[in-house]
2 protein chains.
Amino acid sequence: MEGVRRRDREGTRQRILDAARGLFAELGYDQVTMRLIAAEAGANIALINRYFGSKRELFAEVLAMQGRFPGVLDGPVAELPRRLAEYVADRLRSDLASPVMATLSRSSASPEIHDIIRDRVNSAIMGPLAALLPGEEAQLRAALATALITGSGTLRQLFGPEALGPSSREAVVARLTRIFEACLEG
Amino acid sequence: MEGVRRRDREGTRQRILDAARGLFAELGYDQVTMRLIAAEAGANIALINRYFGSKRELFAEVLAMQGRFPGVLDGPVAELPRRLAEYVADRLRSDLASPVMATLSRSSASPEIHDIIRDRVNSAIMGPLAALLPGEEAQLRAALATALITGSGTLRQLFGPEALGPSSREAVVARLTRIFEACLEG
DNA sequence: CAAGTTAGTAGACGCATGTTTACTTCGTCA
DNA sequence: TGACGAAGTAAACATGCGTCTACTAACTTG
């Protein structure tokens, strides 16, 4: 029957995955404990490893689940700097979750997941960006744009939404657009 | 007398400080253990807390010991973008230690030292930079340059010296100069 | 030379972590 | 209905951490 199942393998698995996604984005890999994930998901701690194998594998699955930059990398390349600027500005100034960016920039110090992070940065940001860019030095240009994105995440984490001072959203977007243009232009 | 002292308080203290500086820069706060510092310094672990109080206080002292950006912030403001570019390019492409930058970008995920890191970023990089900049939005411009610097450190940590691809130093410096100009210009 | 100060040492303490084991309870189906 | 598989649970395990205490031994000083 499809009635309310008190024992719900898939449901529990999904709750764990959701809890882990939010916590990893908010706190970073190291600061998130198995017990915290279990409590947030309303599940027993032993189920995490039963369903995912280990904390590391759960982290990998959380990252694999996340979409790429939604809507940022799509669209005309000429407007790419502006879309990147708006994305970063909004993530810097508000508390809106940007799971991918937040997770990556808050977990990059943990050596046990270095390879996972590296692969994800490559496949979600740097790789697609380099593929989009015409002209020479595409890898260099994509890498520097990526550095700015992740650096913004670190700054946000350190200083909060006021990291950029009292500037208006328009001023921030305008400035960031020019910087991304300098990063990406051929 | 000034003979060879087998019991040398100041010497031991200095060896601990030196070991901690190198290890924090290389591995970040979380990954460096008291026992690792003691082993590297050739000192007993209990002496660390005797001389510095705690791991956290040792970290603060290590940061306080470090100089500011040597030679980068001094000199004509017009050439500031180029000096920043050369600094970042060299730190990205070689293994030359940049203790301040490395320590900051590798330790920013640890909440117990958040305030120390924040103060240091402010007093060593962002603050002096904002003070140098003429015109409006100095804080925004300094913050974005800082984001690029710390993001470069993160990228270096993830991908090693080859993070930027096969580009020459000249190409990297030229590109970074343009980006820093876009960050800093009034 | 004897006493006192203090650098240095060994080891334990309490705690938190990721992981695993032994067990209980629910749901299903022969 | 009763047995079996699987979802869920509680508790322990092993390990590593920062910190602290009790102690030893080297240097200084009277």
Side-chain angles (χ1 to χ4, degrees), chain A residues 1-20 23-24 26-63 106-107 109-116, chain B residues 1-20 23-24 26-63 106-107 109-116:
Chain A
M1 291 300 281
E2 284 300 314
V4 174
R5 291 196 295 169
R6 293 192 41 205
R7 302 174 43 162
D8 181 355
R9 180 187 176 95
E10 278 314 308
T12 301
R13 206 188 119 94
Q14 196 58 48
R15 290 203 323 276
I16 292 171
L17 210 49
D18 291 344
L23 290 169
F24 282 141
E26 186 185 356
L27 303 171
Y29 184 81
D30 275 336
Q31 306 302 321
V32 174
T33 69
M34 302 287 274
R35 285 163 181 83
L36 190 57
I37 298 172
E40 183 81 8
N44 187 279
I45 183 177
L47 295 178
I48 301 180
N49 277 358
R50 175 162 337 186
Y51 293 151
F52 297 95
S54 67
K55 183 186 181 186
R56 189 188 129 92
E57 290 170 275
L58 170 61
F59 182 78
E61 188 139 337
V62 164
L63 276 192
R106 284 174 191 177
S107 306
S110 313
E112 62 198 285
I113 51 168
H114 237 208
D115 52 345
I116 299 176
Chain B
M1 291 302 279
E2 285 300 313
V4 175
R5 291 196 296 168
R6 296 189 42 202
R7 302 174 40 166
D8 182 356
R9 180 188 174 96
E10 279 313 308
T12 301
R13 204 189 121 96
Q14 196 58 49
R15 290 202 324 275
I16 292 171
L17 210 48
D18 290 344
L23 289 170
F24 281 141
E26 186 184 355
L27 303 171
Y29 184 81
D30 274 336
Q31 306 303 321
V32 174
T33 68
M34 303 287 275
R35 286 162 180 82
L36 189 57
I37 297 172
E40 183 81 8
N44 188 279
I45 183 177
L47 294 179
I48 302 179
N49 276 359
R50 180 175 321 213
Y51 293 152
F52 297 95
S54 68
K55 183 185 181 185
R56 190 186 129 92
E57 289 170 275
L58 170 61
F59 182 78
E61 188 141 344
V62 164
L63 277 192
R106 285 176 191 175
S107 306
S110 313
E112 62 198 285
I113 50 168
H114 238 206
D115 51 347
I116 298 176

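Letters go in sequence order (proteins before strands), and every chain restarts at 1.
- The shortest non-hydrogen separation linking A:Ser107 to A:Gly28 is OG-CA, 3.5 Å.
- In this entry the distance linking CD1 of A:Ile113 with C1' of C:dG18 reads 14 Å, nearest Å.
- Distances shown here put a side-chain N or O of A:Arg9 below 4.0 Å from the OP1 or OP2 atom of D:dA7.
- With rounding to whole Å, A:Glu112 atom CD is found 13 Å from C:dT19 atom C1'.
- Spacing between atom CG of B:Leu23 and atom C1' of D:dC17 amounts to 16 Å, rounded to whole angstrom units.
- Note on residues 30-39 of chain B: pairs passing side-chain hydrogen bond (donor to acceptor under 3.5 Å, both in side chains), not counting sequence neighbours, are B:Asp30-B:Ser110.
- Between the CD1 atom of A:Ile37 and the C1' atom of C:dG18 there is a distance of 11 Å, given to the nearest Å.
- Put simply, CD1 on A:Ile16 and CG on A:Leu47 are 5.5 Å apart, with the number rounded to the nearest 0.5 Å.
- Taking atom CG of residue B:Asp8 and atom P of nucleotide D:dC27, one finds them 11 Å apart after rounding to whole Å.
- The separation between A:Arg7 atom CZ and D:dG8 atom C1' is 7 Å, rounded to whole Å.
- Residues of residues 28-36 of chain A that place a heavy atom closer than 4.0 Å to DNA chain C, in numerical order, are A:Val32, A:Thr33, A:Met34, A:Arg35.
- Considering only residues two or more places apart in sequence or on other chains, B:Asp18 meets the side chain to side chain donor-acceptor pair (under 3.5 Å) condition with B:Gln14.
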Do any side-chain atoms of residues 52-61 of chain B form donor-acceptor pairs under 3.5 angstrom with protein atoms, and if so which ones, sequence neighbours left out?
{"unit_1": "B:Ser54", "atom_1": "OG", "unit_2": "B:Glu57", "atom_2": "N", "d": "3.2"}
{"unit_1": "B:Ser54", "atom_1": "OG", "unit_2": "B:Glu57", "atom_2": "OE1", "d": "3.1"}
{"unit_1": "B:Lys55", "atom_1": "NZ", "unit_2": "B:Tyr29", "atom_2": "O", "d": "3.1"}
{"unit_1": "B:Lys55", "atom_1": "NZ", "unit_2": "B:Val32", "atom_2": "O", "d": "2.7"}
{"unit_1": "B:Arg56", "atom_1": "NH1", "unit_2": "B:Glu112", "atom_2": "O", "d": "2.5"}
{"unit_1": "B:Arg56", "atom_1": "NH1", "unit_2": "B:Asp115", "atom_2": "OD1", "d": "3.2"}
{"unit_1": "B:Arg56", "atom_1": "NH2", "unit_2": "B:Asp115", "atom_2": "OD2", "d": "3.2"}
{"unit_1": "B:Glu57", "atom_1": "OE1", "unit_2": "B:Ser54", "atom_2": "N", "d": "3.4"}
{"unit_1": "B:Glu61", "atom_1": "OE2", "unit_2": "B:Arg13", "atom_2": "NH2", "d": "2.2"}

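- Within residues 38-52 of chain B, the residues that place at least one heavy atom under 4.0 Å from DNA chain C are, in residue-number order, B:Asn44, B:Ala46, B:Leu47, B:Arg50, B:Tyr51.
- Expressed to the nearest 0.5 Å, how far CD1 of A:Ile37 lies from CZ of A:Arg15 amounts to 13.5 Å.
- Residues satisfying the ring-ring contact (aromatic ring centres under 6.0 Å, His included) test with A:Tyr51, not counting sequence neighbours, are none.
- Near DNA chain D, meaning a heavy atom under 4.0 Å from it, residues 54-61 of chain B has B:Ser54, B:Lys55 in order of number.
- Atom CG of B:Leu17 is separated from atom OG1 of B:Thr12 by 12.0 Å, given to the nearest 0.5 angstrom.
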